[in-house]
2 protein chains.
Amino acid sequence: MDLPGSLVRFFRPGGIAVFGSMMEGWFFGGAVVVKELQALGYGGRIYPIHPSASRVYGLKVYPDLLQVEGVVDMAVIATSYRAVPEILEACGKKGVSAAVVIADGFAEVGPEGIGRQDELVAVAKARGIRIIGPNTLGIYRPQEGISTVPYEKGYHLPPRGGLSIITQTGIYGPQAAALNEYRFGISTIIDLGNMCDIDEVDCLEYLGSDPDTTVIGMYIEHTRRPRKLMEIAAEVSSNKPVICLKGGRSSEAAHAMASHTGSIAGQDVLYDALFRQAGIIRIFEYEDLMLTSKVFLTQPLPRGNRLGIISLTGAMGIQCIDAAVENGLVLGRLTGSSMEKLHAVHHTLAGHPIDLGPATAANGIDFFAYYMKCFEVLMEDENIDCIYLNTYISSYLEAEGYAHVFRHMADNLRKPVVSWSYGPSSESVRRLGAFTESHGIPAYPSTRKAIEALGHLVRYAQRKRQAEDTRTRAMSA
Amino acid sequence: MDLPGSLVRFFRPGGIAVFGSMMEGWFFGGAVVVKELQALGYGGRIYPIHPSASRVYGLKVYPDLLQVEGVVDMAVIATSYRAVPEILEACGKKGVSAAVVIADGFAEVGPEGIGRQDELVAVAKARGIRIIGPNTLGIYRPQEGISTVPYEKGYHLPPRGGLSIITQTGIYGPQAAALNEYRFGISTIIDLGNMCDIDEVDCLEYLGSDPDTTVIGMYIEHTRRPRKLMEIAAEVSSNKPVICLKGGRSSEAAHAMASHTGSIAGQDVLYDALFRQAGIIRIFEYEDLMLTSKVFLTQPLPRGNRLGIISLTGAMGIQCIDAAVENGLVLGRLTGSSMEKLHAVHHTLAGHPIDLGPATAANGIDFFAYYMKCFEVLMEDENIDCIYLNTYISSYLEAEGYAHVFRHMADNLRKPVVSWSYGPSSESVRRLGAFTESHGIPAYPSTRKAIEALGHLVRYAQRKRQAEDTRTRAMSA
């Protein structure tokens, strides 16, 4: 685990050998990996290996690795666990020093599996092979043409972007999550599986210096190297946000994890302390990884925690304040000049939260012009650091109506903005959310989730400022 | 406020007069109310009233109320605030004793509005007229043919069912929420507006004895009658679940509310105590009203808090346990006999949470048959009181594949069941959720929300059992 840059072979392999079923059209197996590497335009050579198949998706299948003449940097092993030790031996002989072991049946299935995993590790060590897995999907790095995921997923490419995820579960993988619907872009997903060798610390260190990764999400249930994780995370999080969901907070869950991963998780309070010290942003449910990362990928860091609110009903303004207070934000006090500007737009607007409801109930007003003016007031007010937008869609207010407003926002994003939409049709609400996001403003499934994300952004910005202040003082002392 | 049954005229009016703009095709106004009453098949007579219009949607428009010859039980007033006092005077003369005042510009707009509202109340009192509003959408009771909502919403009827909502905001109204997508059915929505007369206590009392209402949801920001609310809620909640979102928990929000509703909210801790004593189920965000009510409308009450879990990945099983512990549930310990049955299905299934992942990675197994067997084991295990299901959909696992499983569940629902689905396409996930719900099992947008809802159901069942025990002991003493 001390070879510098030893993960490069996984993330930029020059040739890939794929072991497993080469049955075309089946939803799982080596053939899926081959097909996906081709579809993604992987630039190196692909060597399917199978004892009896002859061709797969137009490629020659080799009966064993040693018959391959070209250079192989990485092996993807999607076979039964029985075949793995022998394949690793072959890898050693061939000089393949990186293997993604998709095969399951190891530590996760109990005592006999633990024995198998020990054997696997022994072979890998003897042969100098680094392992991701076993019991893993491996690596999904679509913009680089790399995928070891052995399941069909039904879509091609997610948008290009800076989110990378390191996970001890497959449910952030492309076969489980609609990554192509994540509009702000995926860089790399690494499923660690049973983590017999390469762990979350290795990956965090690698992605910390990966120029294509700007935000790192993690799902972990346990770490073998808490001290090292803290050290690396502290370093990485001073440059890039690191967001982490820790599965197994309760002792009941820790007990259950012992069986499904073959390892024991520590007490949650220790993880909490570790996360705080390392500057890791802690989240509490599966969906929050995507939801929280969006605001970090798209919005500037705020200077403070003073929230500006544009709502379309008084009640949602109130609920937004409740959520703000729970997440460490405060309702900003608008300047007198802002109040005057709002009053000039419509007398019912001179308040905060800005409630567009009463004004828009008046006949014949230009809703979108009002909306734009309210936004401008908040963007210019020196007492406002971040902004929540509530938008509405219906048969008489269409998503496209916001086009001018959103374009203006996108061109003037000096403070972070988040949004929540509602309306009498969930399909239209989704459309408005997508339209909002196409202008670079993240849309959330609830006001609370929008404000939670903003709260994380505010605290991250505070920590960064504090760290800079400390550095500045240290230098001037 | 002491007339027994005085709300009947609002909920079963024999004739309705509608005041406001009679411009056909406009998105707001009296014409929308007329059109909707017609569309819903309202059984009584509709009398549009407007000084200059002559016909609207095929009906004669009367220049004023006193020219109407038939009986009018309720007036719907969607005019400017200026016209309201005069209309109420006319109502008094005509003997109309129920008015929904949609008009805004009253207490919610500040001092001058408060004066207007005082005048309105004085006229109503003098004339013996009960008021819902002002600044309201009024009543939406589609299966009874009644709607006073003055906005276009773009759909016809929500499914018939037992959820009624009493709200101090318009955002649960049919123009704001996709009520037609709520598969378990809407009975009545009452928007209280500024609550100058009829309040949440009146409505709770009425719906408490309404046979069409089986679950009551509330959104309140304040109550004028805390003692009475507690008394009525305690009575109603012993028969029907009462779920409440209280807006303005923080003092910041309470301050803002003072301006938007014209009244001051009390300290949150008092509301919390009131809710506990009255057996009101407290929720904390907008979306939770629909999400929580679903489990109450569809599932039997559990005997205890021991959760059974079927997951498709170990990690979601772990996260489900975390959510369970946070919501007062415990992971049930399966009986030895259950473990044997699971082991007989597949050796990897003999654990809890039941993780179908490893088994289904094996080639050629019948996933749905396995799923069904796991469900049967949990439904029969005496140590399990309630069940969480995780379901997956993809290009190779279709929603319809679950048909047999879900039909079997629907026929054997002796314990409450909730579900969360995932997959690589949000559209497919929605389809699977809809398919699940069409079999009577509520689907949730996250595991956490599913477990939260189950937690509410478990605590409600516990309170009910305790109350029954107390009654039984009192009778035998």
Side-chain angles (χ1 to χ4, degrees), chain A residues 27-28 104 108-109 152-155 168-171 174-179 181 219 221 247-250 252-253 256-257 259-261 285-287 313-319 321-325 330-331 348 351-353 355 358 361 363 394-396 422-426 445-448, chain B residues 27-28 104 108-109 152-155 168-171 174-179 181 219 221 247-250 252-253 256-257 259-261 285-287 313-319 321-323 325 330-331 348 351-353 355 358 361 363 392 394-396 422-426 445-448:
Chain A
F27 76 98
F28 172 86
D104 60 4
E108 82 281 4
V109 299
E152 287 286 358
K153 58 189 192 317
Y155 56 85
Q168 293 173 1
T169 168
I171 52 172
Q175 85 301 343
L179 300 179
E181 298 175 24
Y219 172 81
E221 293 184 352
R249 297 190 295 284
S250 55
E252 288 85 343
M257 282 194 296
S259 50
H260 107 94
T261 62
E285 64 179 319
Y286 173 66
E287 289 75 11
T313 84
M316 195 45 77
I318 295 302
Q319 291 170 60
I321 300 173
D322 283 338
V325 170
V330 297
L331 182 69
T348 61
H352 195 214
D355 178 4
N363 279 358
S394 71
S395 53
Y396 54 90
Y422 73 109
S425 143
S426 61
S446 70
T447 292
R448 217 177 189 199
Chain B
F27 75 98
F28 171 86
D104 60 3
E108 82 282 4
V109 299
E152 287 286 0
K153 58 190 192 317
Y155 56 84
Q168 294 174 1
T169 168
I171 51 173
Q175 86 299 344
L179 300 179
E181 297 175 24
Y219 172 81
E221 294 184 351
R249 296 190 297 283
S250 55
E252 289 85 343
M257 282 192 299
S259 50
H260 108 94
T261 60
E285 63 178 320
Y286 173 65
E287 288 75 11
T313 84
M316 195 46 76
I318 294 302
Q319 291 170 60
I321 299 174
D322 283 338
V325 170
V330 297
L331 182 68
T348 61
H352 195 216
D355 178 3
N363 278 0
Y392 176 66
S394 72
S395 53
Y396 54 90
Y422 73 109
S425 145
S426 62
S446 70
T447 292
R448 217 177 189 199

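Quick note on labels: first sequence line is chain A, next is B, and so on, each numbered from 1. The analysis underlying the following values was restricted to heavy atoms, covering all of them including side chains, and did not include hydrogens, waters or symmetry mates.
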Spatial distance of atom CE (B:Met316) from atom CD1 (A:Ile171) [nearest 0.5 Å]: 3.5 Å
With sequence neighbours excluded, residues passing side-chain hydrogen bond (donor to acceptor under 3.5 Å, both in side chains) with B:Ser426: A:Glu181
Heavy-atom pair count under 4.5 Å with chain A, highest-scoring of B:Ser446, B:Gly317, B:Ala323: B:Ser446
Shortest non-hydrogen contact from B:Gln319 toward A:Tyr219: NE2-CE1, 3.3 Å
A:Thr447 side, atom OG1; B:Tyr286 side, atom OH - distance, nearest 0.5 Å: 9.5 Å
Contact leader toward chain B among A:Ser395, A:Gly154, A:Gly351, A:Gly423, where contacts are heavy-atom pairs under 4.5 Å: A:Gly423
side-chain hydrogen bond (donor to acceptor under 3.5 Å, both in side chains) involving A:Thr169 - partner list, sequence neighbours excluded: none
Contact winner vs chain A - B:Leu331, B:Val325, B:Val330, B:Thr348, heavy-atom pairs under 4.5 Å: B:Val325
For chain A, the option from B:Ala253, B:Pro174, B:Gly170, B:Ser394 that forms the most heavy-atom pairs under 4.5 Å: B:Ala253
Part of A:Ala176 within contact of chain B (heavy atom distance under 4.5 Å): both
Region of B:Tyr392 that comes under 4.5 Å of a non-hydrogen atom in chain A: side chain
Heavy-atom contact with chain B under 4.5 Å, split by part of A:Glu287: side chain
Interatomic spacing from CG in B:Asp322 to CD in A:Glu285 - rounded to 0.5 Å: 11.5 Å
Residue A:Tyr155 versus chain B: region with a heavy atom under 4.5 Å: side chain
Contact origin within A:Pro445 toward chain B - heavy atom pairs under 4.5 Å: backbone
Top of A:Glu252, A:Gln175, A:Lys153 for chain B proximity - count of heavy-atom pairs under 4.5 angstrom: A:Gln175
